[in-house]
Every structure is written in structure tokens, then in C-alpha cells.
**Q** 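Take a look at this one; I'll ask things after.
The model shown is predicted, which means the values in this text are computed figures rather than measured ones. For ligands, and for the atoms within them, numbers begin at 1 and follow the listed sequence.
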Amino acid sequence: MEAAALKYDFRSDTVTRPSAGMRAAMASAEVGDDVFGDDPTIKRLEARVAEVIGKEAGIYVPSGTQSNLIALTNHCERGDEYIVGQQAHCYRWEAGGAAVLGSIQPQPLENAPDGTIPLASIEAAIKPDDPHFARTRLFALENTIGGKILPADYVQAATALAKQHALACHLDGARLFNAAVALGVPAAQLAQPFDTVSICLSKGLGAPVGSVLVGSKEAIARARRLRKMLGGGMRQAGILAAAGLYALEHNIERLAQDHANARTLAQGLAKLPGLTVGMPDTNIVFVDIDPSVGPAFAAHLAEHRIGVVSMYGSTRQRWVTHLDVDAKAIDEALSLAAQFLSR
Ligand SMILES: Cc1ncc(COP(=O)(O)O)c(C=O)c1O
């Protein structure tokens, strides 16, 4: 179904459209050629994200995928290896870029249901210095992962283990602000154990484009060359960065509404026959559906212009709340679901 035909789009928090206020900020942005280092709006955005996340420097990039790839190639040379979860975006969902473009070998490990990677598996996967093996150089986590918040004590223990073995640590924090708002802690606290952190502005924060990779001054200086190599050096992109600055100012605290909406949605769906619903930590709800009704339920939602992601022959759905689906959207979606499943 065409996205434009959807009434309520729960497929992802990437579907948000820039608000009038955000568009006004973009229209009036001061710009310059960023490859020459001349764009004041991009510089402000990079400095602001670095400050909020508690790192020395930041670099604005077109996408979360590019941000992660720059981080991986920053930490690993050709033939090195990174330890990563099977479910991690920077392993599973980025078209194998680390291997293809970075010549970096992934060492994927099974994620536990809570999104963590067991410490014993990490330890067992770190290779000794032996010419048979790729050099294990990096440990990568994602927070939130599938909408779940990684337990803080786990993150401390896992990154401490990685550091004991001289591994660098990267966080895909595409939705780190969702975790920070849900926990009521500064994002910098969650970012502290990591050398580099990738933050997406185009997910729950509602900007149309862009991510910022933050880390040490040296790492970000290297990242500038890598960004250029990957074609991510943009020119008067302050017009886009202005949306990011607007998002940081206006759209962080309101993530709490998305989380409340996700809880209402999950609680409502959980009451319906044939559905098994995971209670969300943040803004992503997974629903398992009896195979006897899955495809017909998915078709019913599509017919009524409710967009969700259906997986595994429609026996699993992902519903994501965001800026453009309010409490009314949740109510209507729940009534439509009940109309089909309770008959
Ligand atoms: C956790 C996570 N990391 C990275 C990305 C990649 O972001 P982009 O789509 O901007 O490349 C996504 C995209 O959905 C994501 O969910």
C-alpha cells in the first residue's frame, strides 16, 4: 500500500514529516559550504549533540547507516573484527556495509531476549593475538534495541569487559533519547561508557534527515575523511541541520508521550483474542499473532489505512509510536483491531 494512502502510519518512527515550526527553522537557516567547514548551522548542531551526549566532538552525516559505518571503520582496520549482536542494526540491517566497504569482519553473537549479549559469549568470542584470527578490535551495542532499554549495569559490565581486552566500544544510539527520557536520566550518562555514539535525528526526534556521530576530537577528525570517502560530505546542508537543532530543542521531552501512547496501544492490543503483546519500554510494540488470523488481520488493518510492519507471514507485527500518531490514532487503531478480532 502507498504510504500516502495511510491514515495512521505505525510502521516506524522514521515516517514523521517535518512540522511547520521545523520547516520554518529550515527555511531561515544560515548556511555555507560544509565541506569547506563554512556551514554555521551544521557546526552548531555538531557542537550541541557532542555537548548533550558528553563527548568532545561531533560530525553531521546523512544517515544512521553511514554514521555506524564511519564509526566501525574508525575503530577497525581492514581485516579487523567487531563483536556485535545478531539483531543489531549495524550488523543485520545495513546491507553488510562493514564487510563490503570496510573489509571488517563481523563476529555476530546471539542477543538475549532483553537485547543484551551475554558476557560469557563476548569473552569467548574475543580472539587471542594469533595469526590465524582476525584482530578483535571493537564491541558494538545498540540502545534502545528493538525498543528495549539495555540495563545500565549490563552496559557497564559489558563495556568494562571489552576495555579489559583493549576493545573500543561503539553505541548505535539511534534512539538513545528514547531510553534517556524513559529512564529520566541524561543521555550523556547512557553514552558515557562508549568511545563513539551515533545519534539519529530522523527517528523519534522527527527531523527529515540526518545523524550525528560523536566521540573524541581525534576520532571525529578521522571521521571527516571517512565521511568524504563515503560521499557524505554535503554542502549547504545547514538547511537540514536546522531541523536537527529544532528537534533537539522541541522534540526530546515529548518522547514521553510516544512511550505513553505505546503503552496504551500495547495494553489495548493485549486484551484482544489471538494476540500476544510485549509491553514496551519505549515506543516500539511487538505483537505475535495466531497464524490462523495473522494474514487476515494484517489485511484488515491495511484496508482501513493503518500502517504496521508485518513479519514472518504476518504472525508478528511491529507498531511504532511517534510524533505523527497521537492518542486519537491509538484509539482508532484499537477499535479497528477489536472490530476484527472480537467478532
Ligand atoms: C537502531 C538503528 N540504527 C541505525 C539505523 C539507520 O538509520 P538510517 O535509516 O538513517 O540509515 C536505524 C534505522 O532505522 C536503526 O533503527
**Q** If hydrophobic clusters are built by linking Ile, Leu, Val, Met, Phe, Trp and Tyr wherever their side-chain heavy atoms come under 4.5 Å apart, do W319 and F286 end up in the same one?
**A** no
**Q** For the salt bridge (charged side-chain N to carboxylate O under 4.0 Å, His left out) test, which of R222, R137, R135 pairs with E77?
**A**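 The option that passes is R135.
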**Q** Do the ring planes of H304 and H300 sit parallel (below 30°), tilted (30 to 60°) or perpendicular (above 60°)?
**A** tilted
**Q** Can you sort out which atoms of ligand 1 are near A174, meaning under 4.0 Å from one of its heavy atoms?
**A** 1 (C), 2 (C), 3 (N)
**Q** One pair to check against salt bridge (charged side-chain N to carboxylate O under 4.0 Å, His left out): D39 and K43. What are the steps and the verdict?
**A** CA-CA 6 Å; D39 192 302; K43 284 189 173 154; over 6 Å; no
**Q** Taking distance alone, with no angle check, do D172 and ligand 1 share an N/O pair under 3.5 Å?
**A** yes
**Q** So if you build clusters from Ile, Leu, Val, Met, Phe, Trp, Tyr with side-chain heavy-atom gaps below 4.5 Å, do L301 and L272 land together?
**A**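 Same hydrophobic cluster.
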**Q** Strictly below 4.0 Å, N to O, side chains only: are R235 and D38 in salt-bridge contact?
**A**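 A salt bridge is absent here (no side-chain N lies under 4.0 Å from a carboxylate O).
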**Q** For atom 1 (C) of ligand 1, what is the closest protein heavy atom, and at what distance to 0.1 Å?
**A** E142 OE2, 3.2 Å
**Q** Does the N or O separation between C200 and ligand 1 drop below 3.5 Å for any pair?
**A**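 There is no such contact.
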**Q** Please determine if R175 has a nitrogen or oxygen closer than 3.5 Å to a nitrogen or oxygen of ligand 1.
**A**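 Such a contact does occur with ligand 1.
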**Q** Does only the side chain of T65 get under 4.0 Å from ligand 1, or the backbone, or both, or neither? Count heavy atoms.
**A** both
**Q** Could you list which atoms of ligand 1 come closer than 4.0 Å to a heavy atom of G64?
**A**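 Under 4.0 Å from G64, ligand 1 has these atoms: 6 (C), 7 (O), 8 (P), 10 (O), 11 (O).
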**Q** Hey, is S63 touching ligand 1 through its side chain, its backbone, both or neither, going by heavy atoms under 4.0 Å?
**A**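 Both backbone and side chain of S63 come within 4.0 Å of ligand 1.
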**Q** When you check the side-chain N and O atoms of D13 and N283, is any donor under 3.5 Å from an acceptor?
**A** yes
**Q** Side chain, backbone, both or neither: which applies to K203 and ligand 1 if a contact is any heavy-atom pair less than 4.0 Å apart?
**A** side chain
**Q** Quick one: nearest non-hydrogen protein atom to atom 15 (C) of ligand 1, plus distance?
**A** H89 CD2, 3.2 Å
